[in-house]
2 protein chains.
Amino acid sequence: MKRVRLWVSYDGTHYCGWQIQNNGITIEEVLNRTLTELCREEIAVIGASRTDSGVHALGNVAVFDTSSRIPGEKFCFALNQRLPEDIRIQRSDEVPKDWHPRYQNTVKTYEYCFLNRKIPDPTRRLYTYFVYYPMDVEKMQQAANYLVGEHDFKSFCTPRTQVLTTVREIYELSLTREGDVIRMRIRGNGFLYNMVRIIAGTLARVGTGLYEPEQVKDMLEAKDRQKAGPKAPPQGLTLVEIAYPDTE
Amino acid sequence: MKRVRLWVSYDGTHYCGWQIQNNGITIEEVLNRTLTELCREEIAVIGASRTDSGVHALGNVAVFDTSSRIPGEKFCFALNQRLPEDIRIQRSDEVPKDWHPRYQNTVKTYEYCFLNRKIPDPTRRLYTYFVYYPMDVEKMQQAANYLVGEHDFKSFCTPRTQVLTTVREIYELSLTREGDVIRMRIRGNGFLYNMVRIIAGTLARVGTGLYEPEQVKDMLEAKDRQKAGPKAPPQGLTLVEIAYPDTE
């Protein structure tokens, strides 16, 4: 038996997120089914990040155990032959049998894309959040700066019972404009449920002038979900990278 | 009665091109149906460019005649309320009754996008042509330079009987790389059937080393479709703009 790690990219448009559920098809389910066929044994992957319905990924991470004789680094090609074209394995390798994608230190990077123009662009609708009102990127960056560092992000998450602490550290939160696209890049040691989308939704309101940048500081201090902005829609969000500083 | 002009953008993924046909749904058909409902009279648009199945547009142009009392510039908003989200009108206005989108001088701009990396990216598969072998952009540009200017592009089109001449003028043909994307931008006074995709397919082969740049000069001079490269797939192509220098 060996443990194989996959770097998984996907277009989340047609999936009900990562995690297996009854309501519809998920990334996890497609991977399990494809691996089970390929390895001719029952396979169940363990994913690093359970992305929501409609969210995209360039580099989610998953592992599985198998007795297959296919070398770890070859799973990438074998799987891409069989997977639907909206899921692609970017890389695969063998890891120690106790390597777990969630129970260790990670640095996760997400991007959230706003499309800021007067009329939507159909060719970008699946990967951006369309915002009609002009957005002030400098104000958004000012507000973002209050969130960088170690804080209790209770105001910026959807409550879930199993969470032990709502303290997280954001290493980087930058906003850049290229033409009509505003890109929010956020990097941290982990994110609470819906945290990136609530930050994106809050900063969008700062950008359009509904909130002043300073109000975001108050929202953070309030530790009350009611004080922050709404969560931004899923299609603007992409899980870009998960790094494992202790094992790389 | 008045004539209204539309600037039409669309994601061509789910359409059988612009022109009405029996095999499947087209942009023209959706526009006619939506306008007929909106104006409560039978409407048939005339399009500037009959893009192929799977090809995208940011600025195709169409006109229609109507006795509706909706002002020309308001059709943009009225239509966007009713159209599916993969079609959006970017602008509308009233034009003289004899203004025709095809029978006058035009400058058309297209972009063709290659995705040049080892593994496909699912989030860009619908808008790029994936090329595995490393592409040399400088060689592609060298080859492209032979095509700029007025030439007989007989080697670079799929024959169609109704064409009077295969001479066209290319004003600009530039290739640029941004990360793993290579973007071909082409501007000219009109393009033959499949011309942009055949040029893209030929330059792709120059990029990967299958043709030398100089061979493209020979292909042009041969005036023989057999000599040039294959046509590149539709999803990499976007009709960016149609300009009317005589009426603007």
Side-chain angles (χ1 to χ4, degrees), chain A residues 6-15 27 30-31 51 54-60 73 75-81 83-92 111 113 115 117-130 132 178-181 233-241, chain B residues 6-15 27 30-31 51 54-60 73 75-81 83-92 111 113 115 117-130 132 178-181 233-241:
Chain A
L6 306 172
W7 277 264
V8 190
S9 62
Y10 44 88
D11 178 335
T13 307
H14 301 303
Y15 292 94
I27 309 290
V30 173
L31 285 175
T51 55
V55 171
H56 314 293
L58 296 180
N60 205 344
E73 71 277 12
F75 270 97
C76 171
F77 309 104
L79 280 169
N80 285 341
Q81 296 283 337
L83 285 166
E85 63 174 7
D86 51 6
I87 305 180
R88 276 293 168 272
I89 309 302
Q90 295 293 326
R91 192 151 70 98
S92 62
E111 279 189 7
C113 263
L115 185 64
R117 65 205 311 264
K118 286 295 165 210
I119 308 270
D121 172 353
T123 66
R124 290 184 285 174
R125 76 191 190 287
L126 303 175
Y127 310 99
T128 58
Y129 168 31
F130 172 73
Y132 171 84
E178 300 162 48
D180 51 17
V181 170
Q235 79 276 6
L237 185 61
T238 300
L239 168 55
V240 173
E241 193 190 51
Chain B
L6 307 172
W7 277 263
V8 190
S9 62
Y10 45 87
D11 179 334
T13 306
H14 300 303
Y15 293 94
I27 310 290
V30 173
L31 286 175
T51 55
V55 171
H56 315 292
L58 297 180
N60 204 344
E73 69 278 11
F75 271 97
C76 171
F77 309 103
L79 280 169
N80 284 341
Q81 297 282 338
L83 284 167
E85 64 175 7
D86 52 6
I87 305 180
R88 276 295 168 271
I89 310 301
Q90 296 293 328
R91 192 153 70 98
S92 62
E111 278 188 7
C113 262
L115 185 64
R117 64 203 313 262
K118 286 295 165 210
I119 309 270
D121 172 353
T123 66
R124 290 184 284 174
R125 74 192 190 287
L126 304 175
Y127 310 99
T128 57
Y129 168 31
F130 171 73
Y132 171 84
E178 299 163 50
D180 52 16
V181 170
Q235 79 277 8
L237 185 61
T238 301
L239 168 55
V240 173
E241 192 191 50

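If you're wondering where the values come from, they're calculated on a predicted model, not measured in any experiment. Within every chain, numbering begins at 1; the chains are lettered A, B, ... in the order of the sequence lines, protein sequences first and strands thereafter.
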Exercise. Measure distances from Arg125(A) to the heavy atoms of chain B and classify the residue's part below 4.5 Å as side chain, backbone, both or neither.
Key: side chain
Quiz item: Taking C-beta and beyond as the side chain, do Gln90(B) and Arg117(A) meet within less than 4.5 Å on heavy atoms?
Solution: yes
Quiz item: With only heavy atoms counted, which part of Arg124(B) is less than 4.5 Å from chain A, the side chain, the backbone, both or neither?
Solution: neither
Self-check item: Region of Leu126(A) that comes under 4.5 Å of a non-hydrogen atom in chain B
Solution: side chain
Quiz prompt | Residue pair Ile119(B) / Ile89(A), side-chain heavy-atom distance below 4.5 Å | solution = no
Exercise. Identify the heavy atoms of Tyr127(A) and Pro122(B) that sit nearest to each other, and give their distance.
Key: OH-O, 4.5 Å
Quiz item: How long is the gap from CZ on Phe130(A) to CZ on Arg88(B), to the nearest 0.5 Å?
Solution: 9.0 Å
